[in-house]
Amino acid sequence: MNTKEYLKLDTVVGSLISLSGAEDVAYGEIIDIVVDGKNKRKGKVVMVDEKAIIAQVFQGTQGISTENTSVRFTGHPLEIPLSKDILGRTFNGIGMPVDDGPQVYSSKKHNVNGRPMNPISRRYPRNYLETGISAIDSLMTLIRGQKLPIFSGNGMPHNELAAQIARQARVRGEEENFAIVFAAMGVKHDDADYFRKSFESSGVLERVVMYLNLADEPVVERITTPRCALTAAEYLAYEEGMHILVIMTDMTSYGEALREISSAREEVPSRKGYPGYLYSDLAQLYERAGMLDGAKGSVTLLPILTMPNDDITHPIPDLSGYITEGQIVLSRDLYQKNIYPPINILPSLSRLMKDGIGEGMTRADHDEVSSQLFSSYSRVQEVRSLSQIIGEEDLSDIDQKFMEFGRQFETRFLTQDIDESRSIEETLDIAWEVLRVLPKEELERISPEFIDKYYGS
């Protein structure tokens with residue numbers, strides 16, 4: 001371990017410092033920085049070459065000059081102490097308590113960069129996780145161990161949806177063994193207060209661990225926030241045997257932090273100025289979700305990202321779609337119709353849904369009802385386009401029924417109150433109420449036995 005103290009920096013640029021002459025330094029190593037002999041900060045080595053090392057300063061470089069600063073290398077990466085006492089607590093982006101509570105004491109510290117999960121030891125996700133949101137539970141069911149991002153846009157109610165899912169989510173039969181790890185990156189103070197108050201007022205705070213990086217805090221902390229959150233989730237899942245849902249908002253803020261730091265390091269930019277390693281960096285985070293052989297718990301990941309200009313081809317949603325197992329897409333058109341949550345079901349999907357639904361898991365008719373809702377709502381879009389040309393009154397009788405189905409589907413099925421939690425049985429019953437708007441012969445995706453049982457005479 002390098003125990004030398006270096007008393008002079010070469011340069012200070014943005015949140016980065018550089019110094020030469022350091023030996024035996026590892027990439028990702030944590031450094032202790034002392035300014036004017038008393039002001040202590042931490043940093044992380046982000047580049048090592050033959051001539052110099054470059055480090056990011058977590059608390060920012062304000063007050064740091066090349067002459068008044070000393071640096072000592074710790075010889076280990078960023079590690080955080082973890083125990084079951086973290087439940088109900090709030091931490092900053094580098095795992096320090098910010099809720100006036102005591103420090104977390106543990107005999108062991110955990111590396112925030114995680115432990116790579118051997119693909120052979122991964123268990124295939126099977127059981128579903130209930131969110132209480134009809135559109136998600138029935139049409140893009142979240143499976144334990146899955147990673148399922150929410151694609152949103154600026155001004156859309158993704159924060160409200162994230163808080164609602166955190167309040168309502170549960171694993172049936174494992175309620176006592178379920179917890180939420182909530183990571184917020186680059187959020188405004190009022191959004192952070194909204195999340196805190198939402199969890200406190202609903203009584204779920206004691207099963208939520210929060211990692212908050214605020215918009216006016218150093219951008220470097222934004223890079224470590226999701227890593228601290230996922231490390232806590234892995235600890236609770238694999239060492240304490242709990243089922244953990246990790247909600248991370250906003251991955252676009254995370255990507256922009258990566259771009260800012262990459263630019264300060266003078267790296268060659270890739271698409272839209274983002275670093276070329278954006279894909280592998282996101283994959284390092286997303287792939288930490290899953291279920292492990294021999295471990296009772298699971299880590300399920302729900303990252304939220306705001307698409308700049310609602311552009312789904314933007315690098316962050318585009319690459320997230322490659323890595324994850326589906327997506328939930330929020331629609332500005334539905335939002336403008338006062339529909340909450342404004343989930344556009346047609347571009348949304350859950351690729352693991354088929355293995356976590358059906359008899360013994362949700363309900364026997366779930367798969368066919370889901371398929372029928374997708375099919376019928378897709379037909380609604382065609383009929384609406386036609387009605388804009390010829391007028392609704394000139395549509396055929398069956399097309400008018402589909403128009404009515406579309407209205408009922410959006411206002412009765414998709415729409416629910418911000419504090420309304422529906423069980424999967426309630427959701428499927430409402431789906432059948434909406435499907436009864438259509439004649440039986442139009443329900444081509446549902447078998448006669450289910451139609452006889454649920455459609456009615």
Side-chain angles (χ1 to χ4, degrees), residues 1-48 52-82 86 89-99 101-106 108-114 183-186 210-232 254 257-258 260-262 264-265 281:
M1 177 178 154
N2 189 346
T3 55
K4 291 180 185 173
E5 188 167 346
Y6 296 82
L7 302 176
K8 190 171 184 299
L9 303 179
D10 292 348
T11 60
V12 181
V13 181
S15 62
L16 303 179
I17 59 172
S18 70
L19 63 114
S20 51
E23 300 172 350
D24 300 324
V25 177
Y27 177 83
E29 186 173 334
I30 292 299
I31 60 174
D32 289 325
I33 303 160
V34 179
V35 185
D36 293 326
K38 56 183 185 297
N39 186 354
K40 292 188 177 179
R41 305 181 198 184
K42 287 199 174 291
K44 183 176 85 165
V45 175
V46 293
M47 194 168 122
V48 181
I53 70 104
I54 295 177
Q56 295 170 353
V57 184
F58 286 129
Q59 291 91 342
T61 54
Q62 189 172 2
I64 291 180
S65 78
T66 55
E67 301 293 336
N68 71 344
T69 305
S70 65
V71 172
R72 183 181 285 111
F73 293 86
T74 64
H76 56 75
L78 180 61
E79 296 172 323
I80 55 174
L82 294 172
I86 62 173
R89 299 292 306 276
T90 303
F91 302 90
N92 66 9
I94 54 173
M96 307 290 289
V98 291
D99 56 1
Q103 291 286 342
V104 175
Y105 293 101
S106 173
K108 186 180 173 191
K109 289 192 171 184
H110 295 71
N111 182 350
V112 300
N113 298 305
M185 293 155 279
M210 293 182 74
Y211 288 87
L212 292 180
N213 167 258
L214 300 168
D216 59 352
E217 290 179 336
V219 72
V220 181
E221 277 190 26
R222 217 155 291 167
I223 305 297
T224 58
T225 304
R227 289 175 168 80
C228 288
L230 286 162
T231 303
Y254 173 83
L258 268 187
E260 191 174 324
I261 289 163
S262 171
R265 283 157 61 175
D281 195 282

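Any value given below was found using the heavy atoms of this structure, including those in side chains, with hydrogens, waters and symmetry copies removed.
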J.: Rounded at 0.5 Å granularity, tell me how far CG in Leu212 sits from OG1 in Thr225.
T.: 8.5 Å

J.: On a heavy-atom basis, which atom in Asp99 and which in Thr90 lie closest, and how many Å separate them?
T.: OD2-N, 3.0 Å

J.: Roughly how far apart are Thr74 OG1 and Ile31 CD1, rounded to 0.5 Å?
T.: 8.5 Å

J.: Taking the side chain as everything from C-beta on, heavy atoms only, tell me whether Pro102 gets closer than 4.5 Å to Arg89.
T.: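 The answer is yes, as the side chains (C-beta and beyond) meet within the 4.5 Å cut-off.
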
J.: How long is the straight-line distance from OG of Ser65 back to NZ of Lys8, given to the nearest 0.5 Å?
T.: 9.5 Å

J.: For the residue pair Ser18 and Asp10, confirm or rule out a side-chain donor-acceptor distance under 3.5 Å.
T.: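 Judged by distance alone, the side chains do not pair up.
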
J.: Could you check whether any side-chain heavy atom of Asn111 comes within less than 4.5 Å of a side-chain heavy atom of Leu78, counting everything from C-beta outward?
T.: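 No, too far: nothing below the 4.5 Å cut-off.
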
J.: Is it true that Arg227 and Asp281 have a side-chain N and a carboxylate O under 4.0 angstrom from each other?
T.: yes

J.: Go through Val71 and Leu9 one step at a time and tell me if the side chain to side chain contact (heavy atoms under 4.5 Å, CB included) criterion holds.
T.: CA-CA 8 Å; Val71 172; Leu9 303 179; 3.8 Å; yes

J.: Please name the pair of heavy atoms, one in Ile30 and one in Lys44, separated by the smallest distance, quoted to 0.1 Å.
T.: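 For Ile30 versus Lys44, the nearest heavy atoms are CD1-CB, 4.1 Å.
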
J.: Restricting to non-hydrogen atoms, name the atom on Pro77 and the atom on Asn113 that form the minimum distance, rounded to 0.1 Å.
T.: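 The answer is CB-ND2, 4.0 Å.
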
J.: Please tell me if the side chains of Thr224 and Phe58 come closer than 4.5 Å, counting only heavy atoms from C-beta onward.
T.: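 Yes, side chains in contact.
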
J.: Is a side-chain N or O of Asp36 found less than 3.5 angstrom from the main chain of Gly63, in a donor-acceptor match?
T.: no

J.: Of all heavy-atom pairs between Gly43 and Ile33, which one has the smallest distance, and what is that distance?
T.: N-CD1, 4.0 Å

J.: Any chance you could measure Ile80, atom CD1, to Cys228, atom SG, to the nearest 0.5 Å?
T.: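 Reported to 0.5 Å precision, the distance equals 4.5 Å.
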
J.: With sequence neighbours excluded, tell me which residues meet side-chain hydrogen bond (donor to acceptor under 3.5 Å, both in side chains) with Ser15.
T.: none

J.: Among Arg72, Lys42, Lys40, find the residue that satisfies the salt bridge (Lys or Arg N to Asp or Glu O under 4.0 Å) test when tested with Asp32.
T.: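 Of the listed residues Arg72, Lys42, Lys40, the salt bridge (Lys or Arg N to Asp or Glu O under 4.0 Å) partner of Asp32 is Lys42.
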
J.: Over 60° means perpendicular and under 30° means parallel, so tell me whether Phe91 and Tyr211 are parallel, tilted or perpendicular.
T.: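 If you compare the ring of Phe91 with that of Tyr211, the planes turn out parallel.
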
J.: Pair Thr61, Ile17 - check side chain to side chain contact (heavy atoms under 4.5 Å, CB included), show working.
T.: CA-CA 8 Å; Thr61 54; Ile17 59 172; 4.2 Å; yes

J.: Show the numbers, then the answer: is there a side chain to side chain contact (heavy atoms under 4.5 Å, CB included) between Ile54 and Val45?
T.: CA-CA 6 Å; Ile54 295 177; Val45 175; over 6 Å; no

J.: Heavy atoms, side chains only, cut-off 4.5 Å: are Leu7 and Thr69 in contact?
T.: no

J.: Any side-chain heavy atom of Met210 within less than 4.5 Å of one from Val98?
T.: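 No, too far: nothing below the 4.5 Å cut-off.
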
J.: Is any side-chain heavy atom of Leu19 closer than 4.5 Å to one of Ile53?
T.: yes

J.: For residues Arg222 and Ala215, report the shortest heavy-atom separation together with the two atoms involved.
T.: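 Heavy atoms only, the tightest pair is NH2-O, 3.4 Å.
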
J.: Only counting residues at least two apart or in another chain, list the ones meeting side-chain contact (heavy atoms from CB on, under 4.5 Å) with Glu217.
T.: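 Once residues adjacent in sequence are excluded, the partners of Glu217 under the side-chain contact (heavy atoms from CB on, under 4.5 Å) criterion are Asn213, Leu214, Glu221.
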
J.: Work out which heavy atom in Met185 is nearest to a heavy atom in Pro226; give both atom names and the distance.
T.: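 For Met185 and Pro226, the tightest heavy-atom pair comes out as SD-CD, 3.6 Å.
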
J.: How many angstroms lie between CD1 in Ile94 and CD1 in Ile223, if you round to the nearest 0.5 Å?
T.: 13.5 Å

J.: Yes or no on side chain to side chain contact (heavy atoms under 4.5 Å, CB included) for Ile261 and Gln56, after CA distance, side-chain angles and deciding distance?
T.: CA-CA 9 Å; Ile261 289 163; Gln56 295 170 353; 2.9 Å; yes

J.: Going by heavy atoms in the side chains, are Val112 and Glu79 under 4.5 Å from each other?
T.: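 Not in contact.
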
